[in-house]
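Heads up: the structure comes next, in structure tokens.
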There are 2 protein chains.
Amino acid sequence: MTAPAARGDRAAVTPATVRDAATTLFAEKGYHGTALSEVAARLRIRTPSLYNHMSSKQELLAEIVLRTSQEVWDEFGAAVDGHDDVVSRLREAARVYALRHATHRREALIVNRDVASVDEPVLSQVLELRRRHERAVRDLIAEGADQGVLVVETPRVASFGVLEMCVSVARWFSPGGPLTAEQVAEQYSEFALRVAGFVSAPS
Amino acid sequence: MTAPAARGDRAAVTPATVRDAATTLFAEKGYHGTALSEVAARLRIRTPSLYNHMSSKQELLAEIVLRTSQEVWDEFGAAVDGHDDVVSRLREAARVYALRHATHRREALIVNRDVASVDEPVLSQVLELRRRHERAVRDLIAEGADQGVLVVETPRVASFGVLEMCVSVARWFSPGGPLTAEQVAEQYSEFALRVAGFVSAPS
DNA sequence: CCTACCGATCGGTAGG
DNA sequence: CCTACCGATCGGTAGG
């Protein structure tokens with residue numbers, strides 16, 4: 001346990017910097033595996049000082065998870081907007097979802113690992129946003145199957161396959177790797193169409 | 001905190017029943033989110049009595065994770081064995097991997113959530129087993145691409161897509177749902193071939 | 001932003 | 001298998 005450094009060595013602490021430090025540590029060690037003393041140490045302050053910028057550890061988690069879930073739903077809407085055909089809508093939905101999981105890896109890992117630790121009433125809000133997103137993608141695939149442009153046995157299974165494949169980008173992608181987040185998202189949007197049974201040259 | 005029930009109300013406690021109770025709770029609440037007192041309560045005994053059947057909480061986690069990782073690698077070997085062509089090998093590899101994640105959901109959730117909490121030297125053994133499995137699947141896809149029976153931009157990306165898609169079955173599959181584990185595994189093995197760019201009727 | 005401190009709970013041990 | 005108990009650590013508060 002080292003003492004905090006002198007004033008000049010540390011940046012200003014704000015609610016945003018506290019949330020950012022918590023995001024890094026929750027992603028790395030999990031919500032229950034992270035002590036607030038570790039969050040404080042990252043910011044070079046003492047644990048009680050954190051309470052000038054947040055109200056509780058639970059609030060930090062709830063904010064991270066709710067904000068992320070809301071952004072996912074908003075991005076989905078923006079992505080499918082302006083595309084009329086179901087294949088383009090599915091492609092864009094998968095692209096933005098995969099892209100987010102490459103560019104917001106920490107938040108994605110927290111949501112997928114610790115969403116069950118979020119207290120009510122936020123938990124219900126988060127689950128509702130997730131359900132809406134899942135439903136929208138499932139409906140997209142079902143619609144494509146009805147139109148005959150997609151070929152799937154079970155839309156529900158295919159939609160889980162597509163969505164969870166995109167989610168998992170957060171688990172292996174590295175910003176320092178050979179591919180950019182955009183390149184990976186592009187490949188994954190192609191994977192999504194393949195899983196959904198899209199054939200560019202129908203027979 | 002209720003007292004343990006009378007003798008006749010509880011089954012015999014053994015190392016296996018302790019591990020099973022821990023598996024259920026670790027999967028549900030995470031390793032750090034689970035107290036040994038909860039494991040004991042599930043077995044209707046007091047916390048110190050657990051130590052007659054295990055040596056530490058960490059040992060429980062290490063056993064679950066190592067055993068599962070070893071089984072994944074063994075199953076992969078058995079699945080590809082006896083198949084000569086790369087497409088059949090990939091199909092069977094994906095099928096058994098998806099099937100395992102539908103039938104061993106608790107263990108899968110623990111491995112994917114808490115593997116980083118496993119202490120050395122077990123952690124290194126686990127990571128080595130995972131690397132071997134990943135490498136074997138990547139090599140399978142690369143080989144198929146070389147032969148021209150699979151079409152992928154980047155074998156590494158496609159192999160992550162395939163593997164992580166199968167992993168995620170553990171996150172949504174329900175044994176009481178409309179599909180059996182075998183039916184889901186069959187669909188996922190088809191998804192895997194689609195992601196890897198297999199076309200049954202080559203042009 | 002800090003020191004001092006709180007009650008609660010944790011994993012684990014002693015010793016039957 | 002239990003009761004009794006340990007030191008350590010947790011999230012959080014008091015009061016500057």
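First the proteins, then the strands, lettered A, B, ... as listed; each starts at 1.
Checking B:A35 against B:N52, the closest nucleotide of DNA chain C that is more toward the 5' end is the one next to B:A35.
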Each nucleotide N or O in nucleotides 12-15 of chain C that has a protein N or O under 3.5 Å away: list the pair and distance.
unit_1, atom_1, unit_2, atom_2, d
C:dG12, OP2, B:Y51, OH, 2.9
C:dG12, OP2, B:K57, N, 2.9
C:dG12, O5', B:Y51, OH, 3.1

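We find that CD of B:E38 is positioned 7 Å from P of C:dC10, with the value rounded to whole Å. Atom C1' of nucleotide D:dG11 and atom CG of A:L50 are separated by 11 Å, given to the nearest angstrom.
The distance between the ring centers of A:H32 and B:Y31 does not fall below 6.0 angstrom.
Among the heavy atoms of the strands, none lies under 4.0 Å from A:H32.
In this structure, A:E182 and A:R95 have side chains that are not in contact, with every pair of non-hydrogen atoms separated by 4.5 Å or more. Put simply, the side chain of B:R131 reaches to within 4.5 Å of the side chain of B:E128, judged on heavy atoms. Side chains of A:Y188 and A:L99 form no contact here, defined as non-hydrogen atoms less than 4.5 Å apart. Contact annotation: the side chain of A:D20 approaches that of A:R106 to within less than 4.5 Å [non-hydrogen atoms, C-beta and beyond].
When the side-chain nitrogen and oxygen atoms of B:R46 are compared with OP1 and OP2 of D:dT3, one or more of them lie within a distance under 4.0 Å.
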key: From CA spacing to verdict: side-chain hydrogen bond (donor to acceptor under 3.5 Å, both in side chains), A:Q187, B:T154   = CA-CA 9 Å; A:Q187 289 200 39; B:T154 317; 2.8 Å; yes

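For B:R42 and B:E38, the salt-bridge test fails: no basic side-chain N is under 4.0 Å from an acidic carboxylate O. Residues A:R89 and A:D81 are not paired through a salt bridge, judged by the lack of any N-O separation under 4.0 Å between the basic side chain and the carboxylate.
Five base pairs at each end of the helix from C:dC1-D:dG16 to C:dG16-D:dC1 define two local axes, and these are offset by 0° (rounded to 10°).
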